[in-house]
Amino acid sequence: MDDTIVKVDTISKKYCRTLKHTMLYGTIDLAKIFAGFDQHTENLRSGEFWALEGVSFDVHRGETLGLIGLNGSGKSTLLKMLNGIFMPDKGKIEIKGKVGALIEVGAGFHPMLTGRENVYVNGAILGMSKREIDKRFDAIVDFADIESFIDSPVKHYSSGMYVRLGFAVAIHCEPDILLIDEVLAVGDIQFTQKCFRKIEQYRQDGGTIVLVTHNLEAIKKSCHEVLLLDRGRIVGRGEPTEIVDLYNAIVFKSIYAHSNSERSFSREKLDVQINKRGCQRFGTRQAEICAVNIANSDGNYGGVIYSLESTLINVDVCFHEEIENIVVGITIRNINGIDVYMTNTNWKGIDIPVVQKNMNLEVVFEQRMCLAPGQYTLTVAVSKVTSCGISRLDWISDCLAFEIISAEQMSGICNLDSTIRVKNYRPENRASS
Amino acid sequence: MNNNVQITYTSKGPSVEGHSGIFATTRLMWLELISSKELIWRLFLRDFKAKYRQSALGVVWAVLMPLVTVGMFVSMNRSGILVIQDVGMPYPLYAIIGLSLWSLFTVGLAAITGSLVNAGSMVVKINFPKIALILAASGQGVVEFLIRIILVGLVFLFFGIAPSWVGLFLSLLSLIPLYLIMVGIGFVMSLTAGVIRDVMNVVNVILMGFMLLTPILYPITGDTLLARINVWNPFNYLVNVPRDFMVTGRSDFFAEYIWVSLLAVIVFHVGWRLFYLAQVKIAERV
């Protein structure tokens, strides 16, 4: 017997750019259906674009397929089509079996009703009969861990409880194919782990999964095959590790494109960039920062930097007059605006000799990026130490953006690169008993 | 759906393995309806409970609204602003019955029209038979009507008139076409509201106008233009025949009523079919 459970055959899907077009085309399409005309969906009308184009793949029973791609690459649209919420405009999808979705849990919950009532409503929406829900009710409540609140209206629930209950219902509907879209990003860590275990168990019991996530570790760990989507097309397909690398390359390209080659800006572009990106710059400008570079030790710039990787930050300053007692410093700031690390030549005990007028000064900071994965910015400053304190010559905040990635999962703001040792032992006082 | 059935999604909508031919759609429509029984009931209960749970007067509102409207018409009649001809029964009784029957149509239609839009977040996230939303919403019209029937009973008592029991039964039975035409129109309205929200307001305005132009709160007879138009107004028969049944146990317009009922069945079925075919297209527009 053919064990293909999902067969996607060159499907395309178009969307409208504006609400105005949505209303116009919606009315026209509705009128056409009412009048019994054939729908010609193959061509784009003005204001439409292909959100997905020419996508084909198969999923076999018991397989886990991963979908990765940047935001807007069409992953969620694809899942919605597999779920039968949207129809493809071209091509066809064949599905054998009951599809369950952990797409956005808790949709259909009514705030006025109690948790118990909502479990029954939500279960019915997901296609469960009353008997099936009765049978699984205790398991659902137990999984959501909200026994004492099950008869309170869900509007009094915390957002975590709400999500947990929604997830518990969705995961207990025992589908043949489970669609998962980034739902595990919500809830606290214990619950997330519990969900992972539940999904893992479902997988081991022979369940089929289509998984969308930005968690590359999860992709590597659990998928048999990974599809990489970029702007609505499949640009890569294959072994998880190979495709994750390809994905990282695309992430890099995208950061590169967005930042308008901000990995190293030259002086001509500086003012434009500052106006456009709203980073702050001030100082007397007796000396000016004319270039900032970030690169790994091989001299390559990733845009993406691996955690713990050694990097060189290169700051080039040109001097409009002769200045002594110079200090050059950098600050690395995370996405929450926390200054994760600051250093400067003075703190490091480096004396910079007097720089003559019209001369340039190059300062290279070399360091290991012991940072947790995430987005960071670099702030650079040149100052002069005077008898009455520090005078800023030039200071540019957030002049560069880069992303730290890591193959290892961690949380926090820094990467202390722990080594873990484990040992089994018998406590002294129990040795004799 | 059982495990071995293959569903195919194309631009024309879903099709299920083993169902083809000219009646395939009709068969699938019925299958969908039957499989949605549980969901319809759950959604109906949800809306019903949610509507009355945090309301001090609760179901009393359903009775209060027609009382106020009828009170206004009675006082306009008494003071001679509005001259209403003899209706063969006490006027308040006539008006309350008419309004209650009509409310089955209006409350239900208004609820159905908004049902798809109000469930928007669910519609775009979960794949479920949307017909359940429509039928659950239609239940609100039925509930409100049943509550008002109690009011009608009290008014019967007040005037010391005994309704004909057979007539009462016939009357409830004869409301089925009114219900069907309400759902049939609602199918189309809910889809249209999904694309253009204005429809929800338009429906309310039209319903109000229709009530005043149809012989619901007062008879329209004679050789006026309105009376001639009302000969062709299906709601004239769909409301007045059940009312006649309730009070006298018989009606002079039974033949017309049968034709209109046939029309109601057709409207229902056409609306349902359009809804079935268009529902997959509407999720992305809601």
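Residue numbering restarts at 1 for every chain, and letters A, B, ... go by the order of the sequence lines.
- Heavy-atom distances place no part of A:K7 under 4.5 Å from chain B, backbone and side chain included.
- Going from atom CZ of B:R42 over to atom CG of A:L113 covers 11.0 Å, rounded to the nearest 0.5 Å.
- Interface remark: A:K130 contributes backbone and side-chain atoms alike to the contact with chain B (heavy atom separation under 4.5 Å).
- Shown here is B:K51, whose NZ atom has more than 12 heavy atoms of other residues, nucleotides or ligands within 6.0 Å.
- Closest approach of A:M128 to B:E38, counting heavy atoms only: O-CG, 4.2 Å.
- Interface check for chain A: of the options B:I126, B:I282, B:L277, B:V280, the most heavy-atom pairs under 4.5 Å are formed by B:I126.
- Heavy-atom distances place the backbone of A:L82, and not its side chain, under 4.5 Å from chain B.
- Between B:Y9 and A:I95, the closest heavy-atom pair is CE1-CD1, 4.0 Å.
- Proximity to chain A is limited to the backbone of B:V123, based on heavy atoms less than 4.5 angstrom apart.
- For the set B:G13, B:S121, B:A119, the count of heavy-atom pairs under 4.5 angstrom toward chain A peaks at B:G13.
- Contact count versus chain A (heavy atoms, under 4.5 Å) is highest, among B:M122, B:R46, B:R197, for B:R46.
- With chain B as partner, the option from A:T27, A:I85, A:D89, A:L24 having the largest number of non-hydrogen pairs under 4.5 angstrom is A:I85.
- Per-residue counts of heavy-atom pairs under 4.5 Å with chain A were compared for B:V124, B:L45, B:I196; the largest is that of B:V124.
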Next on the checklist: Please determine whether side-chain contact (heavy atoms from CB on, under 4.5 Å) holds for the pair A:V99 and B:N127, giving the CA-CA distance in whole Å, both sets of side-chain angles, and the decisive distance to 0.1 Å.
Outcome noted: CA-CA 9 Å; A:V99 178; B:N127 182 11; over 6 Å; no
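- One distance of note links OG of A:S76 with NZ of B:K125; it measures 11.5 Å at 0.5 Å rounding.
- For CH2 of B:W41, the number of neighbouring non-hydrogen atoms (other residues, nucleotides, ligands) closer than 6.0 Å is 12 at most.
- Interatomic distance, B:Q6 CD to A:I5 CD1, rounded to the nearest 0.5 Å: 11.0 Å.
- The environment of CZ in A:R233 is sparse: at most 12 heavy-atom neighbours from other residues, nucleotides or ligands sit within 6.0 Å.
- With a 6.0 Å radius and a threshold of 12 heavy atoms from other residues, nucleotides or ligands, B:F268 has its CZ atom above the threshold.
- Rounding to the nearest 0.5 angstrom, the gap separating the CE atom in A:M112 from the CG atom in B:D47 is 12.0 Å.
- Residue contact with chain B, scored on non-hydrogen atoms closer than 4.5 Å, is absent for A:F109.
- The contact between B:L43 and chain A is made entirely by side chain atoms (from C-beta outward), counting heavy-atom distances below 4.5 Å.
- Residue contact with chain B, scored on non-hydrogen atoms closer than 4.5 Å, is absent for A:S12.
- In this structure, A:L30 and B:A278 approach most closely via the heavy-atom pair CD1-CB, 3.8 Å.
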